[in-house]
Amino acid sequence: MDWSDSPEQATFREEVAEFIVERLPGRYQSGSREGGIVQSWQADRKSVDTEARDSAMNWADALAEKGWIAPHWPEEYGGAGLTVMEQFIYNQEMAKAAASPVGGMGVSLLGPTMIVHGSDEQKAEHLPRVLSGEVAWAQGYSEPSAGSDLASLQTRAIRDGDDLVINGQKIWTSGAQYADWLFALVRTEPDAPKHRGISFIVMDIKTPGITVRPIVDMGWQEPFNETFFEDVRVPAANIVGEENRGWYVGMTLLDFERSGISDAIQYERTLTRLIDYGKSEAGAKHYRQDWKILRHEVAERYLEIGVLFNFAFRIVSMQNNGMVPNYEASVNKLFGSETHQRLSRTGTKLFGLYANVWQREGEHAPMNAEFTRDYVGSVPHTIFSGSSEIQRNVIATRGLGLPRG
Amino acid sequence: MDLGLSETQELLKNSARDFLENESPEQLVRDMEEDEAGYSPELWSKMAEQGWQGLLIPEEHGGAGFDFLDLCVLIEEFGRALVPGPFMSTVLGGAVPLMEIGSDEQKAEFLPRIASGDVIFSLALTEPSARFDEEGVECTASVNGNEVTFNGTKLFVPDANVADYLIVAGRTDKGVTLGIVATDQPGVEVTQLQTIARDKQAEVKLNGATGQLLGNDGDGWDALKPVVNHYTVAECAYLVGLAQMDFEISVDYAKERVQFGRPIGSFQAIQHKCADMVTDVDGSRFIMYKAAWSLATDQPDADTQMSVNMAKAWCSEATRRVVAHGQQIHGGIGFTKDYKIQLYFRRQKRAELAFGDADYHRELVAQQLGI
Ligand SMILES: Cc1cc2nc3c(=O)[nH]c(=O)nc-3n(C[C@H](O)[C@H](O)[C@H](O)COP(=O)(O)OP(=O)(O)OC[C@H]3O[C@@H](n4cnc5c(N)ncnc54)[C@H](O)[C@@H]3O)c2cc1C
Ligand SMILES: Cc1cc2nc3c(=O)[nH]c(=O)nc-3n(C[C@H](O)[C@H](O)[C@H](O)COP(=O)(O)OP(=O)(O)OC[C@H]3O[C@@H](n4cnc5c(N)ncnc54)[C@H](O)[C@@H]3O)c2cc1C
């Protein structure tokens with residue numbers, strides 16, 4: 001057991017850290033969450049503000065030089081082909097600098113899926129445009145009646161010559177209002193058993209018949225949408241992988257590093273800033289008068305983050321030794337998202353009445369209302385990407401071999 | 001970075017598991033609950049043949065020269081098998097302080113006898129004040145050359161009933177001072193307590209008990225710090241093994257026990273408890289090994305101290321959650337003396353309390369965080 005870097009790992013870590021110092025645009029340097037202000041590359045690239053746009057461009061160019069827009073993709077597709085351990089170190093250093101990632105779901109989800117299952121034509125058409133930042137992707141999986149039970153999805157795609165005609169509705173489609181293309185799961189064979197009649201398909205989101213309608217969330221933001229399909233014609237050639245095998249295409253174990261290390265680092269930084277804030281002049285005003293009764297609660301958060309770090313280390317260390325994590329990945333998602341919620345709760349508790357304040361500006365907003373906003377913002381983290389209940393089910397049945405109910 | 005075991009550690013773990021399954025079965029654990037001595041001398045010598053008492057002791061003193069991480073791998077197996085007896089007392093409470101602060105003569109005198117299983121040691125630190133800090137040491141000590149004499153009462157001294165020597169902490173006008181005190185002298189009076197874990201803990205009255213001075217007059221507390229850190233992490237390793245086994249027994253039970261026409265393990269309420277149990281067992285294991293690694297590889301003092309306190313804060317509470325779930329999953333049968341799960345529940349409490357529970361260590365974490 002060893003928690004330190006090997007000499008090669010240390011060298012690579014230094015390379016990444018130096019690169020960030022030299023190339024990360026000033027706009028992103030203070031960190032994406034510091035002061036509660038999120039400088040997102042996704043938003044910047046379409047901003048009307050030229051400084052924002054230039055920053056997004058420069059950062060993407062700098063990363064592209066190294067193949068680090070998609071460090072986990074193989075080199076032949078423009079990635080850097082990093083090993084699991086290098087990806088882990090790369091993610092660690094980027095998270096430490098709170099450097100905004102580039103590329104969104106195209107890089108993280110669509111690309112790896114297409115690299116495994118896509119045709120040569122599909123790869124040639126889509127992968128370069130993901131890397132250049134020209135095309136942003138959204139994920140159309142969930143439907144009003146297909147959430148955790150995703151395989152019950154009903155959006156229909158019916159063959160008509162060389163096309164498929166799609167009718168139905170997706171929901172919770174994050175970022176669809178800014179996206180250029182959509183990857184979706186649709187039902188192509190209604191009579192087959194539910195996992196067998198699904199196909200994975202990609203489409204231009206401007207295709208006639210597609211309507212994207214933003215949904216306002218409980219924090220009054222519009223992160224996601226309803227996406228409606230009315231006789232939408234998409235070439236059947238847009239199916240990725242085999243027709244009716246889409247469930248397995250969509251569920252492909254994306255074998256890039258998914259340890260959650262970035263989250264652990266982010267929470268640690270957040271907690272450190274929360275503690276430091278208490279020692280500042282403003283903090284002395286915003287911390288509740290009897291805050292000391294919460295000292296142990298704050299320490300408990302620190303312990304949990306320590307546990308989360310180790311869970312992340314375990315995943316990458318298993319992968320590095322050629323093992324495939326089983327229930328371990330679910331443990332990370334479960335424990336990480338619940339830790340996130342507890343952290344935001346502890347922050348709001350420390351601020352007492354000041355935790356009411358939602359506005360970021362002014363002397364009454366502790367830490368620009370970051371914790372109050374995260375108290376709301378962290379709510380869906382135990383819902384998406386497999387809810388806490390689903391993770392516990394997976395751990396118990398797949399991990400511990402308990403009989404299904 | 002690698003969180004797997006080394007080949008040597010795998011070997012040690014597997015051979016220890018096989019050995020203990022045969023040599024420390026449930027029946028022995030139960031017998032020792034009612035035994036005066038609380039350990040099997042036969043098993044004790046067999047363990048010495050395995051080289052375990054001397055695992056950490058350098059080869060020049062008759063040991064195997066393994067490191068502290070390796071020892072924690074072994075102790076995890078002790079927790080799993082609930083091995084009764086003075087192993088931790090002797091190794092953590094005897095060998096470690098001797099290795100840390102003993103003179104060359106003392107090392108030569110005692111370490112080979114510990115490694116061979118010929119002597120049993122224990123650490124007499126806590127007192128009726130039940131504190132773990134320096135102020136808790138009120139027993140008086142007076143130094144005379146290489147000798148030190150103690151007067152006072154020690155409480156919760158593990159295995160004092162069978163120990164040949166106690167490492168005693170007392171106070172001179174210079175501060176905390178340590179001595180190696182033989183128990184076969186009139187000034188040492190041992191009264192056993194009945195405990196929740198039915199282990200052997202005692203009140204030890206020292207009335208002019210005399211022994212060799214260990215370290216220097218007045219620097220005993222500084223000398224004890226690494227000893228306490230190692231002992232604390234070893235208790236965490238014991239807890240991890242204990243919790244792992246409690247969890248495995250409970251999952252097996254949930255697969256077999258049928259109510260309402262199906263195994264109770266098919267009910268989500270039980271499944272989710274099991275999922276939380278494995279999360280807590282795994283979380284405890286790695287936070288413990290991180291601290292063990294820090295100690296074994298001499299990481300910077302501040303990092304090591306933090307990782308030790310984090311480990312005991314987390315393991316104490318997380319393993320308590322595990323054994324509580326274990327009881328709940330078993331229903332009525334778990335509450336019986338005959339059924340094995342309760343053996344783990346009661347012993348978890350002992351180790352949770354040893355060297356401070358979660359609240360004690362969380363406070364130390366809070367202080368190190370500057371809050
Ligand atoms: C902010 C946000 C962004 C999202 N972005 C996207 C996106 O970009 N693309 C996309 O396709 N989807 C997206 N989703 C959808 C997300 O994947 C679903 O919300 C998720 O799958 C849960 O489905 P649901 O909301 O229908 O809840 P339901 O499945 O209806 O669950 C409701 C409750 O029941 C519980 N439950 C369900 N099944 C079980 C079971 N078997 N056992 C025990 N409890 C159970 C759940 O845990 C939950 O507590 C997003 C969701 C959110 C909140
Ligand atoms: C101290 C003590 C005194 C008692 N005194 C008496 C007495 O005087 N007379 C008498 O007749 N009985 C008595 N009982 C028996 C008591 O009623 C049973 O222990 C109780 O009904 C639980 O049954 P069980 O022990 O078989 O556990 P089980 O029913 O096997 O339950 C084991 C576990 O599975 C869970 N479980 C079971 N079914 C479900 C489900 N559908 N969904 C989710 N979880 C489930 C339980 O909650 C429990 O955690 C006593 C028990 C104890 C411990």
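As the structure is a computational prediction, the values presented were derived from the model and not from experiment.
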**Study point:** Side chain / backbone / both / neither for Q367(B) at chain A, heavy atoms under 4.5 Å
**Key:** both
**Study point:** Closest non-hydrogen atom pair, D359(B) against H296(A)
**Key:** O-CE1, 3.3 Å
Check your understanding: Would you say the side-chain atoms of Q9(A) pair up with the backbone N or O of M1(B), donor to acceptor, closer than 3.5 Å?
Key -> yes
Practice item. Give, as side chain, backbone, both or neither, the part of E304(A) having an atom under 4.5 angstrom from any heavy atom of chain B. Key: both
Exercise for review: Quick one: closest heavy-atom pair of Q9(B) and M1(A), and the distance?
Suggested key: OE1-N, 4.2 Å
Review point. What part of F267(B) is in contact with chain A, defined as an atom under 4.5 angstrom from a non-hydrogen atom: side chain, backbone, both or neither?
Key: neither
Check your understanding: Out of S6(A), S317(A), S4(A), which one pairs with D2(B) under the side chain to side chain contact (heavy atoms under 4.5 Å, CB included) rule?
Key -> S317(A)
Practice item. Decide if atom CG of D301(B) counts as having more than 12 heavy atoms of other residues, nucleotides or ligands within a radius under 6.0 Å. Key: no
Check your understanding: What part of N321(A) lies closer than 4.5 angstrom to a heavy atom of chain B: side chain, backbone, both or neither?
Key -> side chain
Exercise for review: Over all heavy atoms of both residues, which pair between Y302(A) and V365(B) is shortest? Give the atoms and the distance, please.
Suggested key: CD2-CG1, 4.0 Å
Point to revise | chain A contact via R262(B) - which portion, at a heavy-atom distance below 4.5 Å | key: side chain
Exercise for review: Look at the rings of W3(A) and W293(B) and say which category their plane angle falls in: under 30° parallel, 30 to 60° tilted, over 60° perpendicular.
Suggested key: tilted
Exercise for review: Apply side chain to side chain contact (heavy atoms under 4.5 Å, CB included) to N393(A) and H272(B), showing your working.
Suggested key: CA-CA 7 Å; N393(A) 291 349; H272(B) 287 194; 2.6 Å; yes
Exercise for review: Give a yes or no on this: more than 12 heavy atoms of other residues, nucleotides or ligands lie within 6.0 Å of atom CD1 of I293(A).
Suggested key: yes
Practice item. Could you pull out the closest heavy-atom pair between L400(A) and A275(B), with the gap in Å? Key: CD1-N, 4.3 Å
Practice item. Tell me, for F335(A) versus chain B, whether the close heavy atoms (under 4.5 Å) come from the side chain, the backbone, both or neither. Key: side chain
Study note, to complete from the structure: Between L402(A) and G265(B) the two heavy atoms that sit nearest each other are CB-O, 3.6 Å
**Study point:** Y277(A), OH atom: more than 12 neighbouring heavy atoms under 6.0 Å
**Key:** yes
Review point. Taking the side chain from R295(A) and the backbone from I371(B), do they hold a donor-acceptor pair closer than 3.5 Å?
Key: yes
Review point. Contact part of F309(A) toward chain B, heavy-atom cut-off under 4.5 Å: side chain, backbone, both or neither?
Key: neither
Point to revise | K312(B) side, atom NZ; L303(A) side, atom CG - distance, nearest 0.5 Å | key: 13.0 Å
Revision key, fill the gap. Bottom line for V251(B): the part with an atom under 4.5 Å from chain A's heavy atoms is both
Exercise for review: Measure across V307(A) and G283(B) and return the closest heavy-atom pair with its distance rounded to 0.1 Å.
Suggested key: CG1-CA, 3.8 Å
Check your understanding: Between K255(B), K290(B), M310(B), which has the largest tally of heavy atom pairs under 4.5 Å with chain A?
Key -> K290(B)
Review point. Highest number of heavy-atom pairs under 4.5 Å with chain B: which of R404(A), M318(A), E389(A)?
Key: E389(A)
Practice item. Go through I287(B), I270(B), D282(B) and name the one with the most non-hydrogen pairs under 4.5 angstrom from chain A. Key: D282(B)
**Study point:** Atom group of K279(A) that falls short of 4.5 Å from chain B, counting heavy atoms
**Key:** side chain
Exercise for review: Nearest 0.5 Å please: distance from the OG atom of S6(B) over to the CG atom of D2(A).
Suggested key: 11.0 Å
**Study point:** M323(A) portion near chain B, given a 4.5 angstrom heavy-atom threshold
**Key:** neither
Exercise for review: Please state whether the side chain, the backbone, both or neither of M277(B) comes within less than 4.5 Å of a heavy atom of chain A.
Suggested key: neither
Point to revise | Options S388(A), S330(A), G401(A), G399(A), ranked by heavy-atom pairs under 4.5 Å with chain B, top entry | key: G401(A)
Practice item. For K340(B), look at atom NZ and say whether over 12 heavy atoms of other residues, nucleotides or ligands are found less than 6.0 Å away. Key: no
**Study point:** Side chain, backbone, both or neither of L69(B) within contact of chain A (heavy atoms, under 4.5 Å)
**Key:** side chain
Exercise for review: Could you tell me which portion of E363(B) (side chain, backbone, both or neither) has an atom closer than 4.5 angstrom to a non-hydrogen atom of chain A?
Suggested key: both
Point to revise | For chain A, the option from N309(B), D276(B), V73(B), T297(B) that forms the most heavy-atom pairs under 4.5 Å | key: D276(B)
